[in-house]
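These notes are about the structure you will find just below.
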Amino acid sequence: MKNWKIFFFKILFFLKARVVFISFLFSLFSALLILFKLLNLNGIIGTNNIPFLNFLFNSLVLLSSIYYILFIPSYPIFFIIFKKKSFTILEKLSFTLIINLSYYILLGYISFFIINKITGIFIYYFTTIVFFSIFSYIIIAEIKTRRYKLFGSYKSLLPIDFIGKDFSILKLIKSKIHLNCVLLIIFLILNCILNVVRFDFFYGTDPWLHITIIKMISEMNILPLNEYYGSLGFHIFSSIFHFFSGLDVILIPKYFTFYTILLSALVFYNLLVKIFKNKNLALFGVFILEFSYVGFNYMMYQYWPSSLALIQGLFIFYLFYSRIITLVQLNRPTRNILFKDILFYYSLIIIVFISATLTHSLTTILLLISFMWIYFIYFIKDIKRGIDFILLSILSIVFIILYNFGFGSEHFWFLNKIVTYWKEFVFLACILVLPLSLLIWRIKKSIIFTNGRYEATIIGEKSNIYKKIEDKFIIPISIIIVIIIVTMFIIGNLFLFKLILTTIFVVIELFFIIIFGIWGLILFQKKPKGKVLLIWGLILMLMLIVVLIFDMIFPSQMYFVRIFYMSSPIIAIGYGAYIHKLIRIDKIRRKRIKLFFIVFITFSLFSSYIHEFFTINDVSLKQQEVSGIKWYSENNYKKSVIITEFGFNYIFIFYDYPYDNNTRELQCNEIHYFLRHELNLFPPDNHFNETGFNILQELKNKYDSDVYITLDNKYYLVIGWEVYGHLTNEEIERYYSLSYLNKIYSAKNEYGQENPLYWVI
């Protein structure tokens, strides 16, 4: 028995020693399977007619595609070429995944501009050549240096006490893998599964536009630069996965959460470890970010380009932060410290930044501006410590160049508002110059490169004011404010609001996370590396205020909410900083502290998921809602006037767009006359103008085409500050008796809810 145990252990250590070589073989196997799929070998040899063999082949191709896109071609760079760099396995893994994402986005654009089309074959061959070129370089380098990493001896990896009685494979696994890490991964996977099963299709209506563009790329082999403002990195990446795996494009948004949620968690975990040097605290921070109602999870489970851009932006901040923590030490950085691995970091940052801009330019530039302000303050404090401001300035120039070429330029529609009201904005800017300058001067003055202030502050030996504020104000006032919020909600809901009860739960959750997040940043800024985080938080807060003012003046897009979602990582970092403070002063062991966090986390989990359970019908499309549009597409062959709620036009586009090369110049919104939602023609009383003339029949004459209108009792509107419009039961019943409308299709769910399609007679 002992001999078998030793033999089994030797096999495990042999596999560990050969993991790079095995991964190369697996890469080769995956590449061959994808090639067979691209060449339709399954159909040529006839195995697609045999259900079991067809299922087996497609399953293997799907797994191979996932592996190929995640790891090839860049994993040899970080796991072999730069193996000796002081990065953990998880850091190298995040490098590989993010660079691969950026690589495929850039390759898609390069492919289109070189050969004027995007095909799976071109992407596959180019990537495979790059991958084997990297491995060829590695093999040649090993032969020259006689340092063999691919074929090294596995015996050197055996533990010293391997033959001893105390050796246990279980102990070895426990020493390498933390239980908390396993539990977090299980939670994240369950979160992904939840977002798969709770939607008939996927969240919201925006994904219908995105999968339309993906279908245009995959079937027409073009890059429709006129769609989605020319920022098509998100669509290119998804299209390549479709090319390789053959997965139906309508299923991609449903399962894309496994990518965004897990990848964002990995990037954020590495950042938290860099900040706190505490793995358990980093795991807790990821847990808070990925489930709480601060908005990050909301971004990750939606099939949005901004989700990928946010992950890429967070990764860029991680790279900058990895550099700046070595530059803000007590001693001024030397030339060697300044330029250590600078080419490595800068190369990654530039690649990721360009691809992020081509994915979602607005999200990318907002994050870039926030980074620039951080480094601008350090630059004027000490040029050496803020030297990365030069790179950020170069990135801003790159962004302007891409903007002038039209990539993502239409994301900045609000600039027209600024041009129109330029005098008012100039006046506002002049007013803000002085306070903003004073704020920058105050922050600059508060930056001190020293050690020991943090410990002295949190225990009350130095700057005792912080401890007094927390003990006498933060906690008591927080409880009082929560009581006031609950009281106002109850009274307001009786007379004015019509909010569901779970709304107050998420408001309380948000309040506590934000208040402790802000306080945690204020305390942690006593560390030189914590000051960077506080400055980032202040800049994002100022951006929130500015955007809120803009939204109040020009209510339409609710950019305030978007900035808030982008700010969620720094809020979670601040919350983690407060926990870090409790750990350092050993208060976390107190029973009442433990009880508070157990109760709060339980309450937060309950409030977040229960609230989403009750609001899910407002944002998820049901089969009967889509079936009417699909039926219309199958039975209509001409351009018509479509009156539908905001976002539903994307579903019409997906099913009705002619995906062939004869329509390369046809834009999505040109296939029908989609009327803007501001008209709000759903209430029957709005069908007539002031003179009593029927607007719907007038539209029929104006466009010389049929007019159709969809109906839902609660519809997405987005007019000013209004998000939803409502039809009463009486208004819905009136539709049955309107002489100028004919109900041509209707679908009901098991609860009797109807989604009809009307034709204007």
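- Of the listed residues (Thr357, Thr363, Thr364), just one forms a side-chain hydrogen bond (donor to acceptor under 3.5 Å, both in side chains) with His360, and that residue is Thr363.
- Judged by distance alone, with hydrogens and angles left aside, the side-chain atoms of Asn694 form a donor-acceptor pair with the main-chain N or O of Gln697 at under 3.5 Å.
- At a threshold of 4.5 Å between non-hydrogen side-chain atoms, the residues Ile213 and Leu232 count as touching.
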Report task. Check the pair Tyr609 / Asn191 against side-chain contact (heavy atoms from CB on, under 4.5 Å), numbers first and verdict last. Result -> CA-CA 10 Å; Tyr609 288 109; Asn191 205 15; 3.2 Å; yes
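- Atom CG of Asn701 sits in a crowded spot, with more than 12 heavy atoms from other residues, nucleotides or ligands closer than 6.0 Å.
- Using a distance-only test at 3.5 Å, with no hydrogens or angles considered, a donor-acceptor pair links the side chain of Tyr657 to the main chain of Leu666.
- Two residues are said to be in side-chain contact when any heavy atoms from C-beta on lie closer than 4.5 Å; Phe315 and Ile311 fail this criterion.
- Checked by atom type and distance alone, the side chain of Ser111 pairs as donor or acceptor with a backbone atom of Lys117 at under 3.5 Å.
- Within the 3.5 Å criterion, the main-chain N or O of Phe199 finds a donor-acceptor partner in the side chain of Lys254.
- For the atom pair Tyr659 OH and Lys215 NZ, the distance stands at 5.0 Å (nearest 0.5 Å).
- Once rounded to the nearest 0.5 Å, the distance linking CD1 of Ile695 with CZ of Phe693 reads 10.0 Å.
- The line from OH of Tyr736 to CG of Leu741 is 12.5 Å long, rounded to the nearest 0.5 Å.
- At least one donor-acceptor pair under 3.5 Å links the side chain of Lys700 to the backbone N or O of Val760.
- Using a cut-off of 4.0 Å between Lys/Arg side-chain N and Asp/Glu carboxylate O, Lys639 and Glu670 are scored as not salt-bridged.
- Here the closest non-hydrogen pair linking Phe682 and Ile643 is CE2-O, 4.3 Å.
- Using bins of under 30°, 30° to 60° and over 60° for the plane-to-plane angle, the ring pair Phe407/Tyr109 lands in the perpendicular bin.
- Rounded to the nearest 0.5 Å, atoms CG (Leu101) and CG (Leu70) are 10.0 Å apart.
- For the pair Trp208 and Asn649, the minimum side-chain heavy-atom distance is 4.5 Å or more.
- Taking the side chain as every heavy atom from C-beta outward, Ser567 and Leu544 approach each other to under 4.5 Å.
- If you check the side chains of Tyr303 and Ser238, you find a donor sitting under 3.5 Å from an acceptor.
- In this structure, Phe234 has its ring center at least 6.0 angstrom away from the ring center of Tyr228.
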Report task. Applying side-chain contact (heavy atoms from CB on, under 4.5 Å), run through Ile261 and Asn195 and close with a yes or a no. Result -> CA-CA 10 Å; Ile261 289 178; Asn195 289 298; 3.9 Å; yes
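- Atom NZ of Lys743 has more than 12 neighbouring heavy atoms from other residues, nucleotides or ligands inside a 6.0 Å radius.
- In terms of heavy atoms, Cys668 sits closest to Met216 at SG-SD, 3.8 Å.
- The closest side-chain heavy-atom distance from Phe399 to Ser361 is below 4.5 Å.
- We find the CZ-CZ distance between Phe291 and Phe287 to be 4.5 Å, quoted to the nearest 0.5 Å.
- Taking both residues in full, the closest heavy atoms of Pro253 and Ile211 are given as CG-CG2, 3.4 Å, listed atom of the first, atom of the second, then distance.
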Requested in this report: In sequence, state the C-alpha distance, the side-chain angles, and the governing distance for Tyr632 and Tyr655, and then conclude on ring-ring contact (aromatic ring centres under 6.0 Å, His included).
Outcome: CA-CA 9 Å; Tyr632 165 85; Tyr655 284 111; over 10 Å; no
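- At least one side-chain heavy atom of Leu362 sits less than 4.5 Å from a side-chain heavy atom of Leu366.
- Under the 3.5 Å distance criterion, the side-chain polar atoms of Thr260 are matched with a main-chain donor or acceptor of Met300.
- In this structure the side chain of Asn58 never reaches within 4.5 angstrom of the side chain of Leu62, judged on heavy atoms.
- Between the Asn636 side chain and the Lys638 main chain, a donor and an acceptor come within less than 3.5 Å of each other.
- The backbone N or O of Thr644 lies less than 3.5 Å from no partner atom in the side chain of Thr710, so there is not a single donor-acceptor pair.
- When all heavy atoms are compared, the tightest approach of His687 to Leu681 is NE2-O, 2.8 Å.
- One distance of note links CG of Leu738 with CG of Leu696; it measures 9.0 Å at 0.5 Å rounding.
- The closest donor-acceptor contact from the side chain of Asn221 to the backbone of Ile118 lies under 3.5 Å.
- With no hydrogens or angles considered, a side-chain donor-acceptor pair links Asp656 and His672 at under 3.5 Å.
- With no hydrogens or angles considered, no side-chain donor-acceptor pair links Glu731 and Tyr735 at under 3.5 Å.
- Taking each heavy atom of Leu510 and Phe564 in turn, the nearest pair found is CD2-CZ, 4.1 Å.
- The side chain to side chain contact (heavy atoms under 4.5 Å, CB included) with Cys192 is formed by just one residue from the set Tyr259, Tyr301, Phe258, Phe187; it is Phe258.
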Requested in this report: Could you go through the side-chain contact (heavy atoms from CB on, under 4.5 Å) check for Ile217 and Ile222 one step at a time?
Outcome: CA-CA 5 Å; Ile217 295 173; Ile222 64 169; 5.8 Å; no
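- Ring geometry, Trp304 versus Tyr298: the interplanar angle exceeds 60°, so the pair is classed perpendicular (tilted spans 30 to 60°).
- Minimum interatomic distance between His242 and Leu247 (heavy atoms only, all atoms of both residues): ND1-O, 2.6 Å.
- Defined by atom type and a distance below 3.5 Å, a donor-acceptor pair is present between the side-chain atoms of Glu509 and Ser608.
- In this structure, a donor-acceptor pair under 3.5 Å is present between the side chains of Ser355 and Ser102.
- Looking only at atom types and distance, the side chain of His210 has no donor-acceptor partner in the side chain of Tyr650 under 3.5 Å away.
- Residues Leu675 and Ile642 fail the side-chain proximity criterion, which asks for heavy atoms closer than 4.5 Å.
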Requested in this report: Go through the steps for Tyr758 and Tyr708 under the test ring-ring contact (aromatic ring centres under 6.0 Å, His included), then give the verdict.
Outcome: CA-CA 6 Å; Tyr758 284 91; Tyr708 299 90; over 10 Å; no
Report task. May I have the step-by-step check of side-chain contact (heavy atoms from CB on, under 4.5 Å) for Ser292 and Ser604, ending in yes or no? Result -> CA-CA 7 Å; Ser292 67; Ser604 298; 5.8 Å; no
